[in-house]
Amino acid sequence: SASSGAQALKYENLVESTTTSPGTLPDPTTLAFGKQFADHMLVCDWSKEEGWAAPVIEPYGDFSLSPSALVLHYGLECFEGMKAFRGVDDRVRLFRPQRNITRLLKSSQRLTLPSFDGDAFLKLLTHLVKKDAAWVPAGRGYSLYIRPTHIATQPILGVGATEQSRLFVINSPVGAYYATGFKPVRLLADPQFVRAWPGGMGDTKCGGNYAPTILPQQHAAERGCQQMLWLFGEDEKVTEVGTMNLFMHWKNDDGVEELITAPLDGTILEGVTRQSIIDLANQWGEFQVSEKYFTMGQLTRALKEGRVYEMFGSGTAATVSPVGEILYREETLSIPLELETSGKLSKRFMDELFAIQFCAWTSDD
Ligand code: PMP
């Protein structure tokens with residue numbers, strides 16, 4: 001979309017400066033999600049005229065925007081959530097970063113934000129994480145949360161494609177999600193709230209998908225639930241949970257043992273963790289793995305008939321989050337966490353993914 005002669009995003013053009021007042025990584029056990037930030041950030045500016053300016057790594061800090069910047073009025077922005085882990089060997093690794101970058105490019109395209117060279121961006125992001133490697137906490141479950149963000153910065157009130165954008169990355173050290181253990185969550189299934197719909201942007205990681213979820217989230221909290229279970233349609237298809245994809249391990253209506261999650265039909269976010277779980281389950285080959293919808297009707301029937309083994313959410317923040325209860329039409333549905341038939345599947349996925357992320361296989365693996 002850039003005019004001819006416009007610059008591509010290039011790692012080689014990186015301009016770097018270092019903070020003169022470095023912070024220190026707080027005691028990891030005290031970290032609250034997304035409140036503290038590593039010393040540096042990456043900033044890449046684009047204009048339609050010039051293309052991508054030289055990328056900059058500089059001390060983390062405020063930047064200025066025109067009050068008429070498009071992002072502030074029409075939500076023209078998208079972002080990513082990914083992590084770097086400090087392995088048991090003390091080396092820092094990113095988990096499947098290409099997938100997040102591909103998703104950011106896809107989100108950018110949907111929002112008419114400019115495209116960029118994904119490989120160059122990964123090199124820049126890696127450079128930033130290396131520079132702030134001291135901010136990657138050690139220990140099972142700890143990580144550096146990486147937040148790439150792409151915003152429309154042109155100062156203009158007309159609703160239209162931006163002629164200026166800023167792509168930036170900030171990093172935040174985060175603690176173990178399960179400080180109090182692997183606790184099952186209670187969900188609110190209330191069809192009055194809809195997260196995404198056909199023809200919408202459910203498969204895009206844009207801020208505009210998250211602002212509308214905060215009120216329902218408060219509504220859920222008032223009812224003693226940690227997250228919303230997002231339903232769609234007259235038949236109440238079960239789609240996602242909070243900011244996670246959802247899996248159910250059950251014996252399906254045909255009597256087949258199955259791990260099921262909603263299909264990528266445009267309304268579902270294509271989770272990196274979701275794909276990892278599907279890949280692992282396919283490798284194991286122990287049960288059928290299906291990308292298909294199931295409905296609240298099917299779920300309640302299967303629960304009555306004792307065919308549900310386990311249900312869990314999957315996402316970068318928590319990795320795997322078991323579901324214990326669903327509040328549905330003023331009734332609490334109890335989800336078994338494990339039956340002899342299934343074993344502890346969510347625990348098994350969690351252990352397997354942790355082993356990959358922390359490079360911590362036992363000598364038997
Ligand atoms: N669904 C939604 C709506 C999300 O916000 C997220 C978090 N990015 C996910 C699913 C899980 O995606 P991932 O595994 O890539 O974190």
Side-chain angles (χ1 to χ4, degrees), residues 33-34 75 77-85 94-108 110-111 118 122 125 141 143-150 169 171-172 174 177 185 187-189 193-198 200-217 220 226-232 237-248 259-281 291 293 311-323 346 349-350 352-354 356-357:
F33 180 80
E77 79 94 48
C78 54
F79 66 99
E80 269 306 317
M82 53 202 282
K83 282 177 171 176
F85 299 90
L94 299 168
F95 183 70
R96 302 192 162 174
Q98 290 88 352
R99 289 176 189 237
N100 294 89
I101 291 171
T102 301
R103 196 166 67 185
L104 184 62
L105 281 162
K106 179 179 156 178
S107 298
S108 294
R110 179 64 181 82
L111 289 160
L122 178 56
L125 185 151
S143 59
L144 186 70
Y145 183 82
I146 302 168
R147 171 52 62 87
T149 311
H150 198 179
V169 181
N171 295 327
S172 175
V174 293
Y177 202 83
V185 291
L187 308 177
L188 176 63
F193 299 115
V194 179
R195 191 195 84 89
W197 45 88
M201 304 211 356
D203 59 349
T204 303
K205 201 162 172 61
C206 63
N209 281 344
Y210 294 84
T213 66
I214 297 167
L215 188 72
Q217 173 64 34
Q226 283 84 32
Q227 299 280 341
M228 288 296 300
L229 181 64
W230 301 112
L231 308 179
F232 182 76
K237 288 187 270 292
V238 179
T239 64
E240 298 194 62
V241 50
T243 57
M244 289 183 280
N245 295 110
L246 182 76
F247 285 86
M248 177 164 72
L259 182 68
I260 186 169
T261 190
L264 302 177
D265 63 356
T267 70
I268 304 294
L269 193 80
E270 189 173 354
V272 175
T273 321
R274 173 188 181 278
Q275 192 59 51
S276 304
I277 285 170
I278 290 172
D279 293 346
L280 282 173
E291 297 178 57
Y293 281 115
M311 195 182 266
F312 56 90
S314 77
T316 296
T319 312
V320 171
S321 177
V323 176
S346 47
F349 280 120
M350 186 80 161
E352 190 92 5
L353 289 168
F354 269 178
I356 295 167
Q357 290 166 340

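Remember, it's 1-based here, ligands and their atoms both numbered in the order they're listed. Starting from 1, each residue takes its place in the sequence as its number.
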Of the options Glu240, Gln275, Met350, Arg274, which is the one that meets Ser314 in a side chain to side chain contact (heavy atoms under 4.5 Å, CB included)?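 Only one of Glu240, Gln275, Met350, Arg274 forms a side chain to side chain contact (heavy atoms under 4.5 Å, CB included) with Ser314, namely Arg274.
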
I need the single residue from Val238, Val323, Leu188 that forms a side chain to side chain contact (heavy atoms under 4.5 Å, CB included) with Leu229. Which is it?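 Only match with Leu229 under side chain to side chain contact (heavy atoms under 4.5 Å, CB included): Val238.
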
Residues Thr239 and Arg195: side-chain donor-acceptor under 3.5 angstrom: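 Per modelled atom types, Thr239 and Arg195 side chains form no pair under 3.5 Å.
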
Contacting atoms of ligand 1, where contact means under 4.0 angstrom from a heavy atom of [X]:
X      : value
Ser314 : 11 (C)
Thr273 : 13 (P), 14 (O)
Glu240 : 1 (N), 2 (C), 3 (C), 10 (C)
Gly315 : 11 (C), 14 (O), 16 (O)

Among Val272, Thr239, Thr243, which one has a heavy atom closest to atom 4 (C) of ligand 1?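 Heavy atom nearest to atom 4 (C) of ligand 1 belongs to Thr243.
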
Among Gly242, Gly271, Ser276, which residue places a heavy atom closest to atom 12 (O) of ligand 1?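 Residue with the shortest heavy-atom distance to the ligand atom: Gly271.
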
Does [X] have a heavy atom less than 4.0 Å from any atom of ligand 1?
X      : result
Arg195 : yes
Lys205 : yes
Gly81  : no
Arg103 : yes

Could you tell me whether a side-chain N or O of Lys83 sits under 3.5 Å from a main-chain N or O of Thr316, the two making a donor and an acceptor?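 Such a contact is found between Lys83 side chain and Thr316 backbone.
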
Tyr210 N/O under 3.5 Å from ligand 1 N/O: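 Yes: some nitrogen or oxygen of Tyr210 is under 3.5 Å from one in ligand 1.
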
Does an N or O anywhere in Thr316 fall below 3.5 Å from an N or O of ligand 1?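 Yes: some nitrogen or oxygen of Thr316 is under 3.5 Å from one in ligand 1.
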
Using the test salt bridge (charged side-chain N to carboxylate O under 4.0 Å, His left out), find all partners of Lys237 that sit at least two apart in sequence or belong to another chain.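 Lys237 satisfies salt bridge (charged side-chain N to carboxylate O under 4.0 Å, His left out) with Asp235 only.
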
Check step by step if side-chain contact (heavy atoms from CB on, under 4.5 Å) holds for Thr267 and Phe232. CA-CA 10 Å; Thr267 70; Phe232 182 76; over 6 Å; no

Counting only heavy atoms not in Glu270, do more than 12 fall under 6.0 Å of its CD?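 Result for CD/Glu270: open.
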
Under 4.0 Å between a Lys/Arg side-chain N and an Asp/Glu carboxylate O for Asp203 and Arg110?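 The answer is no: the pair does not qualify as a salt bridge.
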
